[in-house]
Amino acid sequence: MKLLVVGSMAFDAIETPFGKTDKILGGAATYIGIASSVLKTDVSLVSVVGGDFPQEYFDMLKNRHVNVEGVEIIREGKSFFWSGKYHNDLNTRDTLATEVNVLSQFDPKVPGHAQEAEVLLLGNLDPAIQLSVLKKMKKRPQLVILDTMNFWMDTTWETLMKMIAQTDVITINDEEARQLSGEYSLVKAAQKISQMGPKYVIIKKGEHGALLFYEDKVFAIPALLLEDVFDPTGAGDTFAGGFAAHLAKTGDFSFENMKSAVIVGSAMASYTVEKFGTERLQEITKDDLQKRIDEFKQLTTFEVSLNAE
């Protein structure tokens, strides 16, 4: 199955307790594209960059068989830029700079070959842009996956509700789930969000793992305990990329396979945080990913007997 990804391609400048970077490759679509390529999924990106976006980044994506025909280049403009500093716990951060640049003009151009993609992953963007992508598809994708954030809840509530109503899977963090639903309990939050439209609700809890809700079923996965955590930037996007890529690769949208996709996404994201930006993600192979999935299995599999004398 084809996977179509709509999201940002950008520059990030990151500072953590373990070091700092100048401008490096970032953006949701970038992380998702690289994650998808690890699974050798047929993936196309739709985004916009400025004339300052290096050709070497396009070459890297093309070499990984990521289709970038849908990435518009505004030669006279500058690419989206974000700078942030993480606190010691790596769970909180301060935004130092946000330069929207060409992303403010983003009118997604969906190439003909991607207009019939079976899986559509809409990265964290203005919900009006996300809705416009749906209208540009020749037919509704079999699976629409949505990522959003509290900023859109604060500023574009009605449009966001329209987008959520057309979504099959929504991925948000616990704080966003509580804001979107008005419920503190994540179980109640997921129930209320599912009533808005999505069949599946994924609530990401950072270093505490992720939750998958479907009807009256819940699947929980912890986060791996890692020796090296340098930079959490892009971990959520990598999770979404691994999740969506697995579903597109298998073509199976059952609850059981959604559980597998959550594990794949979590395993993929656990690599991203080990180096700055996309550096670690670019290094891993499918075999590496399998090893980390096996670690999840060892972490969560157990047998208990209460009948021993």
Side-chain angles (χ1 to χ4, degrees), residues 2-12 23-39 41-50 52-74 77-82 98-111 113-115 117 119-134 136-137 141 143-149 152 163 169 171 233-248 265 268-269 272 277-279 281-282:
K2 290 183 180 179
L3 169 62
L4 174 61
V5 177
V6 184
S8 61
M9 295 174 67
F11 295 125
D12 291 334
K23 285 187 176 181
I24 59 174
L25 178 62
T30 308
Y31 282 98
I32 294 166
I34 297 172
S36 300
S37 72
V38 176
L39 294 175
T41 302
D42 185 351
V43 59
S44 297
L45 306 186
V46 169
S47 189
V48 61
V49 296
D52 57 347
F53 200 79
Q55 181 62 40
E56 66 183 273
Y57 291 161
F58 283 115
D59 292 341
M60 179 273 293
L61 290 167
K62 291 176 182 177
N63 289 337
R64 302 182 73 95
H65 303 290
V66 176
N67 192 308
V68 292
E69 291 178 23
V71 180
E72 181 183 6
I73 304 174
I74 300 178
K78 290 185 177 182
S79 303
F80 181 92
F81 170 70
W82 176 82
T98 301
E99 298 173 13
V100 180
N101 297 327
V102 295
L103 198 62
S104 65
Q105 310 167 45
F106 188 29
D107 179 18
K109 310 292 192 300
V110 182
H113 69 85
Q115 291 176 12
V119 179
L120 171 62
L121 173 50
L122 296 166
N124 181 16
L125 295 166
D126 186 325
I129 293 176
Q130 295 171 329
L131 282 168
S132 75
V133 175
L134 276 180
K136 293 173 182 178
M137 304 296 286
L143 192 74
V144 177
I145 305 169
L146 173 71
D147 188 15
T148 192
M149 67 181 297
W152 306 119
M163 183 62 243
V169 183
T171 69
T233 308
D237 298 318
T238 304
F239 171 89
F243 174 83
H246 176 77
L247 293 175
M268 195 88 74
T272 297
T278 63
E279 183 181 357
L281 192 58
Q282 291 185 50

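Sequence positions, counted from 1, serve as the residue numbers for this chain.
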4.5 Å side-chain heavy-atom contact, [X] and [Y]:
{"X": "Leu25", "Y": "Phe53", "result": "yes"}
{"X": "Ile24", "Y": "Glu279", "result": "no"}
{"X": "Val48", "Y": "Gln105", "result": "no"}
{"X": "Pro127", "Y": "Thr148", "result": "no"}
{"X": "Phe80", "Y": "Asn101", "result": "no"}
{"X": "Lys136", "Y": "Asp107", "result": "yes"}
{"X": "Leu4", "Y": "Ser44", "result": "yes"}

Would a distance-only check, ignoring hydrogens and angles, find a side-chain to backbone donor-acceptor pair under 3.5 Å from [X] to [Y]?
{"X": "Ser79", "Y": "Gly50", "answer": "yes"}
{"X": "Ser47", "Y": "Gly7", "answer": "yes"}
{"X": "Gln130", "Y": "Gly123", "answer": "yes"}
{"X": "Lys23", "Y": "Phe81", "answer": "no"}
{"X": "Ser8", "Y": "Ala28", "answer": "yes"}

Please assess Val43 against Ile32 for the test side chain to side chain contact (heavy atoms under 4.5 Å, CB included), listing each intermediate value before the final yes or no.
CA-CA 9 Å; Val43 59; Ile32 294 166; 5.5 Å; no
What do the steps show when you test Val66 against Ile34 for side chain to side chain contact (heavy atoms under 4.5 Å, CB included), and what is the final call?
CA-CA 8 Å; Val66 176; Ile34 297 172; 6.0 Å; no
Closest contact, heavy atoms only, [X] versus [Y]:
{"X": "Ile129", "Y": "Pro108", "value": "CG2-CG, 3.5 Å"}
{"X": "Thr278", "Y": "Tyr31", "value": "CG2-CE2, 3.6 Å"}
{"X": "Leu146", "Y": "Met163", "value": "CD1-CG, 3.9 Å"}

Begin from the C-alpha positions of Phe106 and Val100 and carry the test side chain to side chain contact (heavy atoms under 4.5 Å, CB included) through to its verdict.
CA-CA 10 Å; Phe106 188 29; Val100 180; over 6 Å; no
Would you compute the distance between atom [atom1] of [X] and atom [atom2] of [Y] and round it to the nearest 0.5 angstrom?
{"X": "Thr171", "Y": "Ile145", "atom1": "OG1", "atom2": "CD1", "answer": "8.0 Å"}
{"X": "Thr41", "Y": "His65", "atom1": "OG1", "atom2": "NE2", "answer": "12.5 Å"}
{"X": "Leu45", "Y": "Leu3", "atom1": "CG", "atom2": "CG", "answer": "8.5 Å"}
{"X": "Asp42", "Y": "Lys2", "atom1": "CG", "atom2": "NZ", "answer": "6.0 Å"}
{"X": "Asn63", "Y": "Ser37", "atom1": "CG", "atom2": "OG", "answer": "10.5 Å"}
{"X": "Thr233", "Y": "Asp12", "atom1": "OG1", "atom2": "CG", "answer": "6.0 Å"}

Give the C-alpha distance, both sets of side-chain angles, the deciding distance and a yes or no for side chain to side chain contact (heavy atoms under 4.5 Å, CB included) between Val46 and Val133.
CA-CA 10 Å; Val46 169; Val133 175; 5.9 Å; no
Name all pairs fulfilling the salt bridge (charged side-chain N to carboxylate O under 4.0 Å, His left out) condition that reach into residues 58-72, sequence neighbours left out, sorted by first residue then second.
Glu72-Lys109
What donor-acceptor contacts under 3.5 angstrom involve side-chain atoms of residues 236-244, with partners at least two apart or in another chain?
from   : atom 1 : to     : atom 2 : distance (Å)
Thr238 : OG1    : Gly234 : O      : 2.8
Thr238 : OG1    : Thr272 : OG1    : 3.0

